[in-house]
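Below is one structure, written out as structure tokens; comments come after it.
Chain identifiers are assigned alphabetically (A, B, ...) following the order of the sequence lines, protein sequences preceding nucleic acid strands; residue numbering begins at 1 within each chain.
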Amino acid sequence: MVSQPATTQSAHDQLDSHVREMIAWHFSPATGCPFWLDWTRKVGWDPCKEVRSFNDLIARFSHFQDEWLRDLQPDVWVPAHYKGRPYNIFETGGTTGMPKQRIGWDDYKVDYEEFSSKLSDRHFPRGAAWLMVGPTGPRRLRLAIEHLANFRGSPCYFVDLDPRWVKKVIADKKFDQARAYMEHVVEQAATLLKHRKIAALFTTPKLLEALGEKMNLHETGIRGVFCGGTTMNPQTVRFLVEEVLGDGIGFYPTYGNTLMGLAASAPLRPEDKFSITYYAPQPRAVLRVVDPAQTERTVGYGEWGRVELTTMTKELFLPRFLERDEAIRRQPREPYAWDGVGEVRPFGAMEKTIVEGVY
Amino acid sequence: MPFDIPALRLGKAYTSLETTEVKDCRTGEVLARVSQVNSGIIRKDLAKIGESRRALKQVPSEKLIDICRVAGELFLNSTLPLGEGQSQTPRQYVETLSATSGLPFALVRRNMDKIAQVLGNMRRVLRGLTRSLDLSILDRGIGEHAGVRISFYPAAECLGVVMPSNSPGVNSLWLPAIALKIPVLLKPGREEPWSPFRLIQALMAAGCPAEALGFYPTDHEGAAELLRGCGRALVFGDQSTTAPYAGNPAIQVHGPGYSKILIAEDQIERWPDHIELIASSIADNGGRSCINASAVVVPKYAAEIATALAQRLGPVAPQPAADDRAMLSAFANPKMADAIDAMITEGLTAPGATEMTAIYRKGARKVAFEGATYLRPTIVLCESFQHPLANREFLFPYASVVEVPQTDMLGQIGHSLVVTAITRDMAFRQSLLESPLIERLNLGAIPTMQVSWDQPHEGNLFDFLYRRRAVEIK
């Protein structure tokens with residue numbers, strides 16, 4: 001594991017050196033994948049020569065197109081170094097039609113093992129069981145959560161939730177069906193919590209709220225909740241902390257997806273007024289908050305912009321992918337020496353009604 | 001400084017991290033920041049609603065009627081709390097509500113009086129709703145009425161209310177619930193937090209148990225939660241808002257009223273006598289109520305009647321909000337005025353309709369005045385009820401005039417919240433009385449806007465909130 005840089009300058013240096021290493025890896029025939037090697041032949045310039053820093057990367061690469069993950073066979077993304085080693089296929093999206101796929105080997109383990117250091121043993125006692133209530137199936141999350149629990153010496157129970165189905169019934173305005181499905185999921189979770197000793201919970205804000213209405217989570221033995229998946233505005237966070245969890249349960253909001261990994265949140269301080277800031281697992285992934293009209297430039301601190309992700313691991317090179325999210329650009333903050341993204345929500349949320357549904 | 005209006009969670013002030021702004025429709029100045037609650041808060045509070053009902057039930061009916069009377073006086077005349085450490089005089093209420101809703105002062109005051117009168121006349125209102133039930137039967141749950149043992153039980157532990165922003169007068173509809181011992185959890189209209197908040201403060205100051213009153217500014221999800229979770233609920237809004245709830249027996253829908261004036265053959269020759277009544281039914285309260293007439297149905301003289309109404313209403317123009325003669329309301333949201341204006345212009349391109357007001361108005365329908373947008377009265381003569389503008393309701397003085405043979409009238413008018421039928425023809429009166437399409441029927445020359453305290457207004461709130469059970473005692 002890379003050690004955490006203490007200052008913004010050392011974080012910059014570390015990132016630039018990581019960029020050089022990753023460019024060399026992905027654009028060398030000995031280690032790179034067919035997609036990027038082909039790409040270099042077509043564009044007619046050599047990233048190994050021209051990209052020496054993260055700023056170079058932003059200047060030279062245009063946005064990664066997510067259709068590539070949908071339209072191409074997964075094999076094109078296999079780096080030569082991993083050839084012959086079977087991979088996991090993780091999916092994202094796919095409410096209708098073909099989902100996008102990312103392949104991987106060990107990245108999720110690296111991400112979640114690093115994240116483990118952010119969890120306190122008081123909230124996530126080592127060896128005590130976890131429960132995940134959320135999307136399993138072809139998602140990276142399911143393996144990642146189980147790995148995280150196992151890494152801490154804990155087993156993990158699962159209750160599945162199919163977000164594609166939920167999105168579909170909500171798009172069809174079948175709200176009763178969506179509600180019935182959510183109750184079905186919450187019922188199963190409540191049953192497990194009643195009959196098994198479980199100390200830690202991974203779920204989404206809505207499901208957490210629904211579970212909290214069914215039972216006193218602290219009394220059932222829950223001590224830590226790791227939450228992610230959808231928008232959490234400050235009022236939602238405050239409600240969850242004050243009225244669903246109470247003082248006895250640690251709350252760890254995260255922002256993550258199949259392409260990035262996992263961005264942890266800085267622990268809340270009173271002056272944050274429940275506004276959460278997430279920090280990408282730099283240098284493996286970098287989040288920038290950019291001006292939607294001019295995506296090469298970042299917005300000022302405290303301003304809203306669109307979230308742009310760059311992932312650089314030995315398994316995946318994904319430059320400048322525009323997420324369907326917007327966020328407030330935030331200052332570096334201990335223990336993170338790089339920019340954060342605050343109050344993430346769907347891109348254009350202020351302009352249109354958000355139908356995020358139950359998950 | 002804008003007012004910071006909190007939510008009231010079963011009577012307790014709660015300042016949310018999420019607020020919406022209510023602005024002066026002329027200057028754009030922010031006049032209030034309203035705390036918005038998430039739906040989880042509503043569910044959480046609903047879980048404790050039994051305590052609220054118990055607290056309200058303990059107050060004897062007689063006492064509740066008195067609380068309503070005092071609350072009416074406070075609402076009308078007193079300075080009441082508004083936001084943290086802030087308060088509002090009656091005059092400030094009138095001016096602020098006028099600024100944000102576009103209603104001129106005079107109309108706000110008229111609505112204010114109407115609300116205060118409902119509170120002041122609660123005994124008569126309840127007599128109308130309960131058909132003169134001895135209200136102590138609600139205190140005990142059991143009693144005798146006309147020599148018969150009767151028992152009533154509440155159909156729900158509280159009433160959810162999703163309010164509109166168009167006119168403060170509609171608050172009079174939920175007020176009887178408190179006197180009927182049913183707690184009220186209310187979502188105010190986005191642009192009209194003022195009236196419900198002031199009413200709740202008045203009721204609390206008059207001695208109503210605070211936990212029986214909820215004020216929950218919220219989003220669509222929260223509104224849906226109130227409608228679903230309260231057991232009984234009222235929802236106000238246009239067709240698209242209310243359509244999902246139509247046919248749900250736990251939800252009383254207050255959509256467009258499509259109120260009408262019918263003149264029968266026996267009275268039609270006297271039509272000029274009724275022009276003033278028709279004009280006021282169309283234009284009172286700025287034409288914003290669902291009990292405003294939006295169609296005039298006559299067996300003949302449609303063109304003459306439409307012309308006379310156009311002469312009367314066409315020249316009506318915006319006036320300063322503080323002017324007592326002001327009849328028109330500004331649009332808090334100018335986009336709504338744009339949309340309505342466009343719909344009418346579009347409708348007029350379909351053959352069979354003529355706008356009669358155009359020549360008397362001397363100018364456009366949509367006008368800007370003192371920084372706000374207004375729509376001026378519009379009367380459209382339609383050849384048949386099939387015309388797209390014949391049976392429409394808009395948030396300003398608008399009506400169609402349609403010629404329909406008397407024998408076809410009931411077959412064509414469709415659902416109508418209020419019908420004023422000017423006729424003495426007993427056979428026609430009988431068919432009107434038989435019609436399931438009419439919710440409130442005025443027989444004779446009565447404005448559609450006239451409200452009698454002892455007549456259930458829109459749906460009977462008592463029948464909605466209570467059920468009668470058979471009971472035997474040994």
Can you say whether B/S35 sits under 4.5 Å from chain A via the side chain, the backbone, both, or neither, judging by heavy atoms?
neither

Show every salt bridge (charged side-chain N to carboxylate O under 4.0 Å, His left out) that has at least one partner inside residues 239-253 of chain A, sequence neighbours left out.
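Only A/R238-A/E242, A/E243-B/R9 qualify under salt bridge (charged side-chain N to carboxylate O under 4.0 Å, His left out).
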
When rounded to the nearest 0.5 angstrom, what distance separates CG in A/D162 from CZ in A/R139?
6.5 Å

Between A/V244, A/L240, A/T236, A/N233, which shows the greatest number of heavy-atom pairs under 4.5 Å with chain B?
A/N233

Contact list (residues 327-336 of chain A to chain B, heavy-atom gap under 4.5 Å, by number) returns none

If you count the non-hydrogen atoms of other residues, nucleotides and ligands that lie under 6.0 Å from CZ in B/R190, is the total more than 12?
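No, CZ of B/R190 has 12 or fewer neighbouring heavy atoms, counting only those of other groups under 6.0 Å.
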
Tell me, which pairs form a ring pair (Phe, Tyr, Trp, His ring centres under 6.0 Å) where one or both residues lie in residues 210-238 of chain A, sequence neighbours left out?
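For residues 210-238 of chain A, and leaving out neighbouring residues, the ring pair (Phe, Tyr, Trp, His ring centres under 6.0 Å) pairs sorted by first residue read A/F115-A/F226, A/F202-A/F226.
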
According to the ring pair (Phe, Tyr, Trp, His ring centres under 6.0 Å) rule, which pairs have a member within residues 24-57 of chain B, sequence neighbours left out?
none

So do the side chains of B/V34 and B/F197 get within less than 4.5 Å of each other, counting heavy atoms only?
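No - every pair of side-chain heavy atoms lies 4.5 Å or more apart.
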
Please tell me if the side chains of A/L287 and A/E308 come closer than 4.5 Å, counting only heavy atoms from C-beta onward.
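No. Closest side-chain heavy atoms not under 4.5 Å.
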
